[in-house]
Amino acid sequence: MEDFEDRKNKFESDPLDPETAIASQPQVGDGGDGHVTHEARIAKLTDRWKRALAEAENARKRAELARVEGRDHGIALAIEALAPGFDALAFGIEAARSGPNANDKRVAQHLETLERIRSCFDTAMKALDVRIIAPNDAAFDPAHHEAIDTQVREDVGSGRVLVLHRPGYAIGRRLIRPARVTVSAAPEPQEG
């Protein structure tokens, strides 16, 4: 007759552990009488174990992908909200550089401060893996650029970015905002 400890040990054993499962099973024949052999039971438990490991790994990969997508989405929302401030800062720097008082000592000091602020923003964007889309004499890419104007130019090939009006931003494959640009166009063919 089994004592209390034996029954307790059987109850606490893990049914997925092949060693415990085999030890707790009575010995069976060679399989000819319809009973499962130890080898078949081991194979079945090993298969279940491998499937459970594969499912756990797939769940881990899905969770990591969701984490990255969630991070990127949050960063994209923050950049969208801050982008008008970045634009205003860039316009302020350009105005200070090209204004009539650009050589004034006070304007130069303000300009230096604005440049440091922009440098801090650029560093933060790089740390967050945000790419600034600011094409300079690049081919127009409708996936990343928004053409707001065209300019007929004979000295430049068609479809080239001529002027950057506003930079764009992207994180990973996600476009946060396209760059607004003026694009070159080929001259109309002359009739004649």
Side-chain angles (χ1 to χ4, degrees), residues 53-192:
L53 282 178
E55 287 174 14
E57 181 62 17
N58 288 340
R60 186 195 65 75
K61 288 177 182 176
R62 284 190 303 271
E64 177 63 17
L65 181 62
R67 184 193 67 78
V68 169
E69 287 177 358
R71 175 191 177 275
D72 289 355
H73 180 71
I75 291 171
L77 289 175
I79 297 301
E80 280 182 270
L82 294 170
F86 299 150
D87 295 340
L89 180 62
F91 290 137
I93 290 171
E94 189 56 39
R97 279 190 188 146
S98 61
N101 298 327
N103 295 328
D104 184 295
K105 184 178 178 180
R106 289 177 295 175
V107 172
Q109 288 173 337
H110 288 299
L111 183 58
E112 184 180 326
T113 302
L114 292 175
E115 288 284 359
R116 278 190 295 219
I117 292 169
R118 182 166 67 181
S119 176
C120 289
F121 279 127
D122 290 345
T123 301
M125 296 254 222
K126 286 178 186 171
L128 294 171
D129 296 324
V130 174
R131 287 188 330 274
I132 299 172
I133 303 169
N136 184 13
D137 190 34
F140 176 75
D141 179 1
H144 294 102
H145 308 146
E146 177 184 351
I148 61 170
D149 195 11
T150 57
Q151 215 176 64
V152 176
R153 296 274 297 264
E154 293 182 12
D155 59 328
V156 179
S158 179
R160 303 293 296 177
V161 173
L162 297 174
V163 179
L164 173 66
H165 299 282
R166 181 190 78 179
Y169 302 102
I171 183 167
R173 294 179 151 198
R174 179 190 301 251
L175 179 66
I176 299 170
R177 169 178 105 170
R180 284 191 178 163
V181 296
T182 295
V183 182
S184 63
E188 294 290 324
Q190 298 292 328
E191 291 183 30

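Note that these values count all heavy atoms, side chains included, but never hydrogens, waters or copies made by symmetry.
- When every heavy atom of A147 is checked against every heavy atom of V183, the shortest pair comes out as CB-CG2, 3.7 Å.
- Note: H110 NE2 to D104 CG = 8.5 Å, rounded to the nearest 0.5 Å.
- The number of heavy-atom neighbours closer than 6.0 Å to CG of N58, taken from other residues, nucleotides and ligands shown, is above 12.
- With sequence neighbours excluded, the residues that form a ring-ring contact (aromatic ring centres under 6.0 Å, His included) with F121 are F86.
- Summarising the geometry of P135 relative to V181, their closest heavy-atom pair is CG-CG1, 3.9 Å, with the distance given to 0.1 Å.
- Rounded to the nearest 0.5 Å, atoms CD1 (I75) and CG (L82) are 12.0 Å apart.
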What verdict does the side chain to side chain contact (heavy atoms under 4.5 Å, CB included) test give for L164 and N136, after you've listed the backbone C-alpha separation in whole Å, the side-chain angles of each residue and the deciding distance to 0.1 Å? CA-CA 7 Å; L164 173 66; N136 184 13; over 6 Å; no
Show the numbers, then the answer: is there a side chain to side chain contact (heavy atoms under 4.5 Å, CB included) between I93 and L111? CA-CA 6 Å; I93 290 171; L111 183 58; 3.7 Å; yes
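- By the ring-ring contact (aromatic ring centres under 6.0 Å, His included) test, H144 is found to be paired with no residue, residues two or more places apart in sequence or in another chain being considered.
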Test side chain to side chain contact (heavy atoms under 4.5 Å, CB included) on V156 and Q151 and set out the steps. CA-CA 10 Å; V156 179; Q151 215 176 64; over 6 Å; no
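- Not counting sequence neighbours, R62 has no partner by the salt bridge (charged side-chain N to carboxylate O under 4.0 Å, His left out) test.
- With values rounded to the nearest 0.5 angstrom, L162 atom CG is found 5.0 Å from R153 atom CZ.
- Annotation: side chain to side chain donor-acceptor pair (under 3.5 Å) contacts involving residues 159-172, sequence neighbours excluded, comprise H165-T182.
- Distance alone, capped at 3.5 Å, is enough to place a donor-acceptor pair between the S184 side chain and the G159 backbone.
- Residues meeting the salt bridge (charged side-chain N to carboxylate O under 4.0 Å, His left out) test with D141, sequence neighbours left out: none.
- Listed by chain and number, the residues in a salt bridge (charged side-chain N to carboxylate O under 4.0 Å, His left out) with R118 are E115 (sequence neighbours excluded).
- Between I171 and I79 there is no side-chain heavy-atom pair separated by less than 4.5 Å.
- With sequence neighbours excluded, the residues forming a side chain to side chain contact (heavy atoms under 4.5 Å, CB included) with E69 are L65, listed by chain and number.
- For residues 73-93, the set of pairs meeting the side chain to side chain donor-acceptor pair (under 3.5 Å) definition, not counting sequence neighbours, comprises H73-R174, D87-R177.
- Residues H145 and F140 approach most closely at CB-CE1, 3.5 Å, considering heavy atoms.
- In terms of the side-chain hydrogen bond (donor to acceptor under 3.5 Å, both in side chains) criterion, D137 has no residue partners (sequence neighbours excluded).
- Counting heavy atoms from C-beta outward, L175 and I133 have side chains that approach closer than 4.5 Å.
- Listed by chain and residue number, R67 satisfy the side-chain hydrogen bond (donor to acceptor under 3.5 Å, both in side chains) test with E64 (two or more places apart in sequence, or in another chain).
- In terms of the salt bridge (charged side-chain N to carboxylate O under 4.0 Å, His left out) criterion, R173 has no residue partners (sequence neighbours excluded).
- The side chain to side chain donor-acceptor pair (under 3.5 Å) contacts involving residues 119-132 comprise nothing, where partners must be two or more places apart or lie in separate chains.
- A102 and A96 make their closest contact through CB-O, 3.5 Å (heavy atoms, listed as atom of the first residue, atom of the second, distance).
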